[in-house]
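To start, the structure itself, in structure tokens.
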Amino acid sequence: MAKILVADDEVTSVAIMKKVLEDSGHTVSTVTDGKMALAKIKQFEFDVLVTDFNMPGMNGIQLTKEVLELESDLIVVLITAYATIKSCVEAIKLGAFDYLTKPINKEELLLTVNRGLEKVEIINENILLKQELEKSETKVSAFDYATNSSQIKGILKEVAKVAKSDSTVLITGENGTGKEVLAKYIYHHSKRSNQPFIVVNCAAIPNQLLESELFGHVKGAFTGAINDHKGYFEIANNGTIFLDEIGEIELLMQVKLLRVLQEREFSKVGDTKIRTTNVRIIAATNRNLKDMIEDAKFREDLYYRLNVFEFHLPALRERPEDIIYYFEKFLVEFAKQFSKPVPKIDPEVREILINYQWPGNIRELKNLAERVSILCETNIITTDLIPNKYFQFTEGEKNIISENNSDYSDTEDYNAVKDKMIKDFEINFIKNKLKHYKGNVAATAKAINFHPVSLRQKLAKLGIDPKEFKS
């Protein structure tokens with residue numbers, strides 16, 4: 001199927017070509033002269049132009065030259081009488097695909113159009129094949145999301161089903177929880193895995209440049225625009241675009257992004273021409289978009305367009321089974337990078353890592369793994385390699401706990417007491433908040449900076465029933 005523009009000032013000829021092409025499944029628009037054809041091509045995207053050579057105002061050579069300057073990939077088929085065949089050959093030298101003579105043979109018209117479409121398809125396939133060959137040496141055959149967390153494994157089961165569709169996905173979670181890794185997981189398990197995957201960090205691009213980066217611009221659109229520029233939506237066509245930190249986009253740009261999601265259409269900066277894109281969108285944010293909607297900082301209609309499927313990645317502190325799992329994984333990576341043996345982890349270090357809250361999540365954990373890998377000289381990661389901020393109790397606090405619990409003098413018993421104190425504090429803290437908000441989990445989650453899904457999981461783990469606090 002293709003989008004075809006037919007230009008001819010003979011009404012009967014136009015009607016015949018339109019019917020033949022539409023009966024074959026193509027979408028057809030018509031105009032009656034060359035200037036109208038040129039204006040239409042400036043406004044909309046077409047795959048094929050079928051045009052009469054002799055029309056009022058502009059002949060086939062002029063039209064071919066001008067439209068191919070605008071759209072070099074456009075297939076131009078000229079319709080001519082025998083007297084002007086020589087001129088059509090001249091147009092072919094300028095880039096027209098072929099010509100047909102009057103009266104039009106229906107089968108010949110379809111055959112010529114289809115040959116032109118096949119030529120473009122072969123060119124595009126060769127470009128993609130070249131890209132794949134260039135990537136083949138480094139491309140990973142199977143992309144996985146490494147985790148030891150039952151929570152994440154549960155999420156991945158649903159993600160694997162969604163990945164096979166073309167649905168838009170919204171990924172939420174704190175910075176460093178692995179949102180981009182999950183986006184890549186979706187991409188690699190999708191039917192678009194052989195097409196481009198473009199990552200756009202919306203927070204890293206100034207708002208005044210974001211429109212040009214996403215949609216492109218034409219020459220002369222603004223000061224410094226010395227050439228046409230392809231935007232990410234054009235580059236990612238037929239592939240996947242990952243819009244990270246979507247919550248940082250200003251409202252005006254949100255309107256234009258909404259248009260892409262609704263209509264799959266956009267225009268370059270400085271251009272009125274409407275272009276189409278067949279791209280899958282995955283978005284991510286560390287912001288609470290519902291709060292932003294209430295504050296009139298994020299469009300509600302855009303939120304629901306993005307939120308076809310939402311996956312929330314819990315913070316590292318909410319999935320402690322991943323802490324040591326990732327730390328050991330990073331130690332192996334850095335040992336290879338620094339040409340060192342893989343070090344062991346002292347039990348006290350394991351305890352420190354488990355008890356730390358990890359505000360920077362996996363990214364912070366990886367940074368620590370790199371630091372200790374460089375500093376370690378004994379093949380054992382010991383506590384002296386760990387910065388002070390990772391210790392949750394000072395020596396004075398440890399002595400106070402020991403004095404108040406004299407029956408627990410050895411390290412193992414001390415650790416048990418400390419763990420119990422932390423758990424008791426956590427239970428009391430959450431219960432007090434639930435009581436204050438009368439058992440409303442969503443309100444409680446917002447107050448303590450938790451995602452509602454994560455808080456419900458935490459309540460189940462601690463054996464707390466929010467219904468007890470509704471009265």
Side-chain angles (χ1 to χ4, degrees), residues 168-184 186-187 196-237 239-307 310 313 359-364 366-367:
T168 304
V169 175
L170 177 64
I171 305 172
T172 60
E174 295 179 8
N175 283 333
T177 50
K179 297 189 291 296
E180 184 175 336
V181 178
L182 186 59
K184 288 179 179 176
I186 294 170
Y187 162 69
F197 178 75
I198 305 295
V199 178
V200 183
N201 187 333
C202 300
I205 304 172
N207 282 318
Q208 61 269 30
L209 296 179
L210 187 59
E211 182 178 3
S212 172
E213 290 300 301
L214 289 179
F215 306 126
H217 64 252
V218 295
K219 181 180 178 180
F222 49 83
T223 304
I226 58 175
N227 292 304
D228 286 0
H229 170 72
K230 285 188 176 183
Y232 291 126
F233 275 100
E234 192 171 359
I235 296 169
N237 192 37
T240 304
I241 190 166
F242 174 53
L243 300 175
D244 199 8
E245 304 301 347
I246 192 82
E248 306 303 320
I249 294 180
E250 63 178 13
L251 287 169
L252 181 60
M253 183 56 60
Q254 290 177 29
V255 176
K256 296 180 179 182
L257 185 59
L258 180 62
R259 179 189 176 196
V260 178
L261 281 160
Q262 288 177 328
E263 310 296 339
R264 300 292 164 178
E265 293 179 347
F266 67 93
S267 296
K268 290 186 174 185
V269 177
D271 194 11
T272 57
K273 181 173 183 176
I274 298 169
R275 299 171 187 270
T276 58
T277 181
N278 174 28
V279 66
R280 184 190 195 165
I281 297 175
I282 303 174
T285 182
N286 64 345
R287 306 277 295 272
N288 188 320
L289 296 184
K290 287 186 176 179
D291 283 351
M292 292 183 69
I293 290 169
E294 290 180 9
D295 295 337
K297 292 181 179 178
F298 201 86
R299 293 182 62 94
E300 187 172 20
D301 47 5
L302 176 58
Y303 170 74
Y304 286 111
R305 280 285 177 180
L306 291 169
N307 192 18
E310 179 180 350
L313 288 177
N361 292 293
I362 300 169
R363 193 174 296 138
E364 183 182 5
K366 186 173 185 178
N367 290 343

Only counting residues at least two apart or in another chain, list the ones meeting side-chain hydrogen bond (donor to acceptor under 3.5 Å, both in side chains) with D301.
->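 Partners of D301 by the side-chain hydrogen bond (donor to acceptor under 3.5 Å, both in side chains) criterion, ordered by chain and then number, come out as R299.
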Indicate the atoms forming the closest heavy-atom contact of [X] with [Y], along with that distance.
| X | Y | result |
| --- | --- | --- |
| L313 | T177 | CD1-O, 3.7 Å |
| A236 | P196 | CA-CB, 4.3 Å |
| N361 | N175 | ND2-O, 2.8 Å |
| G247 | L289 | CA-CD2, 4.0 Å |
| Y303 | E310 | OH-OE1, 3.6 Å |
| I171 | K179 | CD1-O, 3.7 Å |

Does some side-chain heavy atom of [Y] sit less than 4.5 Å from a side-chain heavy atom of [X]?
| X | Y | value |
| --- | --- | --- |
| Y304 | L170 | no |
| I205 | V200 | yes |
| L302 | L261 | yes |
| I241 | L243 | yes |
| F233 | I281 | yes |
| I362 | V181 | no |
| L214 | M253 | yes |

Listed partners of N201 passing side-chain contact (heavy atoms from CB on, under 4.5 Å), at least two apart |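 N201 satisfies side-chain contact (heavy atoms from CB on, under 4.5 Å) with A203, A204, E245 once adjacent residues are dropped.
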About how many Å separate [atom2] of [Y] and [atom1] of [X], when rounded to the nearest 0.5 Å?
| X | Y | atom1 | atom2 | result |
| --- | --- | --- | --- | --- |
| L306 | Q254 | CG | CD | 9.0 Å |
| T240 | Y187 | OG1 | OH | 6.5 Å |
| I282 | I246 | CD1 | CD1 | 12.0 Å |
| M292 | L251 | CE | CG | 8.0 Å |
| K256 | L210 | NZ | CG | 10.0 Å |
| F215 | D271 | CZ | CG | 13.5 Å |

Would K290 and E294 satisfy salt bridge (Lys or Arg N to Asp or Glu O under 4.0 Å), going step by step from the backbone distance to the final call?
-> CA-CA 6 Å; K290 287 186 176 179; E294 290 180 9; over 6 Å; no
Taking atom types as modelled and ignoring hydrogens, do the side chains of E174 and N286 form a donor-acceptor contact shorter than 3.5 angstrom?
->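 The criterion, which ignores hydrogens and geometry beyond distance, is not satisfied for N286 and E174.
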Side-chain atoms of residues 263-270: list all donor-acceptor pairs with protein atoms under 3.5 Å, sequence neighbours left out, distances to 0.1 Å.
from	atom 1	to	atom 2	distance (Å)
R264	NH1	V279	O	2.6
S267	OG	K273	O	3.0
K268	NZ	E234	OE1	3.4

Which is it for T168 and R280 under the side chain to side chain contact (heavy atoms under 4.5 Å, CB included) test, yes or no, and what are the steps along the way?
-> CA-CA 6 Å; T168 304; R280 184 190 195 165; 6.0 Å; no
Test item: N237 side-chain N/O and N278 main-chain N/O as donor-acceptor pair under 3.5 Å |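 Here the side-chain-to-backbone pair exists.
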From CA spacing to verdict: salt bridge (Lys or Arg N to Asp or Glu O under 4.0 Å), R287, D291 = CA-CA 8 Å; R287 306 277 295 272; D291 283 351; over 6 Å; no
